[in-house]
There are 2 protein chains.
Amino acid sequence: MAVTIKDIAKHAGVSYSTVSKALRNSPLVKEPTKKKIIKIAEEMGYVPNIVARSLVQKKSYAIGVVWPTVERVTPSALITKINELLEEKSYTTLLSINSVDSAIATFNRFQVDAIVVFAETMSDLTRSKNVMSKVPILYYGIKESSEYPTIDVNRRHAIKIAVEHLVKIGHTKVSYIGDVSTQDHLQKEKHLGFLEAIDEFNLDLFSKSIVPTNGLELYDGYLAAKSLFNKSTEVTAIVSGSYDLTRGIVRAAQELNINIPNDVSIIGYDNISQSEDLDIPFSKVGVPLNRIANKITETLLDIINENNTNNSIILEPELNIINSCAKPKNN
Amino acid sequence: MAVTIKDIAKHAGVSYSTVSKALRNSPLVKEPTKKKIIKIAEEMGYVPNIVARSLVQKKSYAIGVVWPTVERVTPSALITKINELLEEKSYTTLLSINSVDSAIATFNRFQVDAIVVFAETMSDLTRSKNVMSKVPILYYGIKESSEYPTIDVNRRHAIKIAVEHLVKIGHTKVSYIGDVSTQDHLQKEKHLGFLEAIDEFNLDLFSKSIVPTNGLELYDGYLAAKSLFNKSTEVTAIVSGSYDLTRGIVRAAQELNINIPNDVSIIGYDNISQSEDLDIPFSKVGVPLNRIANKITETLLDIINENNTNNSIILEPELNIINSCAKPKNN
DNA sequence: TTGTACGCGTTATCAT
DNA sequence: ATGATAACGCGTACAA
């Protein structure tokens, strides 16, 4: 049997409502009494029963994170950061790896104060429309869903400004290495960004302009880059679709004695996190992870407190150029 | 305001205790009444409030999973499987990526029925000793903790029987490719297993007997294998420390036109899951993921129902030999 | 400053 | 077969 405030009250010789106040640090209870009660509570190993509290308060100070894609790409670093930020605001984060539908139902039963959904496929989303949720929901990664609050990163624009930068410093033969399968909406966006840039900046669409990969792993980037370097000597700059791909590309270049950035410049797409220890630091484009995490956390709290904010937030990417990795084309 | 059984009672013209019984499918309520109530509940979009239920029942039908290492190796496939099995038993799985301590505290507050801890470092574990938990805890992956119920995989033995098999079919020059950094307890176990096998089967400890990697990614295995193949022509069999490493090794072999298993046999450590689509299927040693998941789920339920089971369960690995990947040494 | 009484949504027990 | 009521642990008006 867990210890309750009533047990504490007995030991302290006060009423249990006094204990409640003391533990909530209410000014309505004298300092010495408070101290004494808190001490006894600690000694008895008291843990507040959130269940009871949220019944009466109709708040649980918990946020539900729906993350059906543990095995896929939504960066766990993002989840970790959000968890940290929420903890600072004294919210608890609960994760569910069930389907969107069933996770939302569960979190409703548990009376969480808000839900964030990290869904990556359209089917994840469309199915979730059937579920009614009393708890407010915030979606991440799906621009289309306009009827719910949504946060997304402008991946298309990210790739575009990467190409733009390369053009500005003199490159004309730019390749895109990325997963261009049409299944994954996020990858498709980046692909589109590259195509738009090609068009807008009047670049040649040469034979190896777009190098498709068969996945998003380091090795996929490595293979793609090797095929690129072997079959085309024209290319002077590469835009890469993801962090791991970029790492693979860098490894391939090293192996073939291709110098970055003298022989080829490279800019990788990456929702940049502060503390990455890369073999070689490279230029990046994307939204800093912390900015995404902050925006999500902030919006979550706004939603809970019913500050009606913008329903659909698109985070704009930023370029992060490291000179050693993207330099003007040699003449 | 969410709809409660009282609201349903009003609409149905019965008392709310009858509604409660009907919804729980109690035999104490007549079939037609039951049907009617259930229908009304659905129409009104009723969602049972687990919070209130667990207050009175002192059970939440929820299991807390402490998973502080999302970013590391504990396979998410395992978590996914456990989640599935628990769902079948009508338990809900809640994940926390906080530190072991704080996750345990949180789950206590939420009154979960049991907790599983996936901790990989010793420090994760030792810190958690300070927390008292009213809720029973099951640890995975840490043999040493004998004061709590524990489930672990015998990684040391796994590597050993892999080597044993290779020796039996005639190999004498066997290499181990794996992460042998002393930090990670799990990797250390495998390394020890190889050393013990070398000793037990009187194998040569030649220059490339042990090829250390700098990580557990595909590319790390690829690099290690390349270095092995380039510098040693003696080796006829390889034992690999993890799934991704094995994939990298296979890639390296393909690239160098080294035939598996004619030129070299390979057995990879891997907690085998049923449905892996590999480029090339290869021989494995390990405990099937489903067996681990089943054992964990089963033990969890035992603990909840206070069936006192063995406190410390070690799962023994099995060999899974595919002829095309490990064959007797050519003479 | 402290104590009493009520309510949160549900289940369980007892009475009708 | 159904209804009334107590209890779960906590927070909060309101009373003392």
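First the proteins, then the strands, lettered A, B, ... as listed; each starts at 1.
- Screening residues 6-40 of chain A for ring pair (Phe, Tyr, Trp, His ring centres under 6.0 Å) gives no qualifying pairs among residues at least two apart or on separate chains.
- One end of the helix from C/dT1-D/dA16 to C/dT16-D/dA1 points its axis 50° away from the other end's axis, with each axis taken from 5 pairs and the angle rounded to 10°.
- Atom CG of A/Asn25 is separated from atom P of C/dT1 by 14 Å (rounded to the nearest Å).
- Summarising the geometry, the separation between NZ on A/Lys6 and C1' on D/dG11 is reported as 13 Å, rounded to the nearest angstrom.
- Rounded to whole Å, atom P of C/dT10 lies 17 Å from atom CD of B/Gln111.
- Considering only residues two or more places apart in sequence or on other chains, A/Thr93 meets the side-chain contact (heavy atoms from CB on, under 4.5 Å) condition with A/Val65, A/Asn83, A/Leu86, A/Leu95.
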- Query: Can you give one letter per nucleotide of nucleotides 11-16 of chain C, going 5' to 3': B for a protein heavy atom under 4.0 Å from the base, S for sugar-phosphate only, - for none?
  - Reply: BBB---

- Query: When you look at A/Ile79 and A/Trp67, which way does the side chain to side chain contact (heavy atoms under 4.5 Å, CB included) test go after all the steps?
  - Reply: CA-CA 9 Å; A/Ile79 311 273; A/Trp67 197 31; 3.8 Å; yes

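- What you find for B/Ala2 and B/Asp7 is that their closest heavy atoms are O-OD2, 3.8 Å.
- Scanning for ring-ring contact (aromatic ring centres under 6.0 Å, His included) contacts around B/Tyr61 gives B/Tyr91, with sequence neighbours left out.
- Proximity of residues 29-38 of chain B to DNA chain D (heavy atom under 4.0 angstrom from any strand atom) is restricted to B/Val29, B/Lys30, B/Thr33.
- B/Glu298 is linked by a side-chain hydrogen bond (donor to acceptor under 3.5 Å, both in side chains) to B/Lys295, counting only residues two or more places apart in sequence or in another chain.
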Distance-only criterion, 3.5 Å: show the donor-acceptor pairs between side-chain atoms of residues 17-27 of chain B and protein atoms not counting sequence neighbours.
{"from": "B/Ser17", "atom 1": "OG", "to": "B/Ser15", "atom 2": "OG", "distance (Å)": "3.3"}
{"from": "B/Thr18", "atom 1": "OG1", "to": "B/Ser15", "atom 2": "OG", "distance (Å)": "3.1"}
{"from": "B/Asn25", "atom 1": "OD1", "to": "B/Lys34", "atom 2": "NZ", "distance (Å)": "3.1"}
{"from": "B/Ser26", "atom 1": "OG", "to": "B/Leu28", "atom 2": "N", "distance (Å)": "2.9"}

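- One interatomic measurement links the two molecules: CD1 of A/Ile8 to P of C/dG3, which rounds to 14 Å at whole-angstrom precision.
- The side chain of B/Thr4 contributes no N or O atom lying less than 4.0 Å from OP1 or OP2 of C/dG9.
- Closest-nucleotide positions on DNA chain C for A/Ser15 and B/Ile50 were compared, and the one nearer the 5' end corresponds to A/Ser15.
- Distance CZ (B/Arg109) to P (D/dG9): 17 Å, rounded to an integer number of Å.
- Contact annotation: A/Thr18 reaches the phosphate of C/dG3 (side-chain N/O to OP1 or OP2, under 4.0 Å).
- Residue A/Lys58 contributes atom NZ, which lies 14 Å from atom P of C/dG7 at whole-angstrom precision.
- With sequence neighbours left out, A/Glu87 forms a salt bridge (charged side-chain N to carboxylate O under 4.0 Å, His left out) with no residue at all.
- A/Arg109 meets the salt bridge (charged side-chain N to carboxylate O under 4.0 Å, His left out) test with no other residue; sequence neighbours excluded.
- Sorted by first and then second residue, the salt bridge (charged side-chain N to carboxylate O under 4.0 Å, His left out) pairs involving residues 75-84 of chain A (not counting sequence neighbours) are A/Lys81-A/Glu84.
- In this structure, A/Val14 reaches the sugar-phosphate backbone alone: every heavy-atom distance under 4.0 Å involves primed, P, OP1 or OP2 atoms, never a base.
- Identified under the salt bridge (charged side-chain N to carboxylate O under 4.0 Å, His left out) test for residues 40-56 of chain A, with sequence neighbours left out: A/Lys39-A/Glu43.
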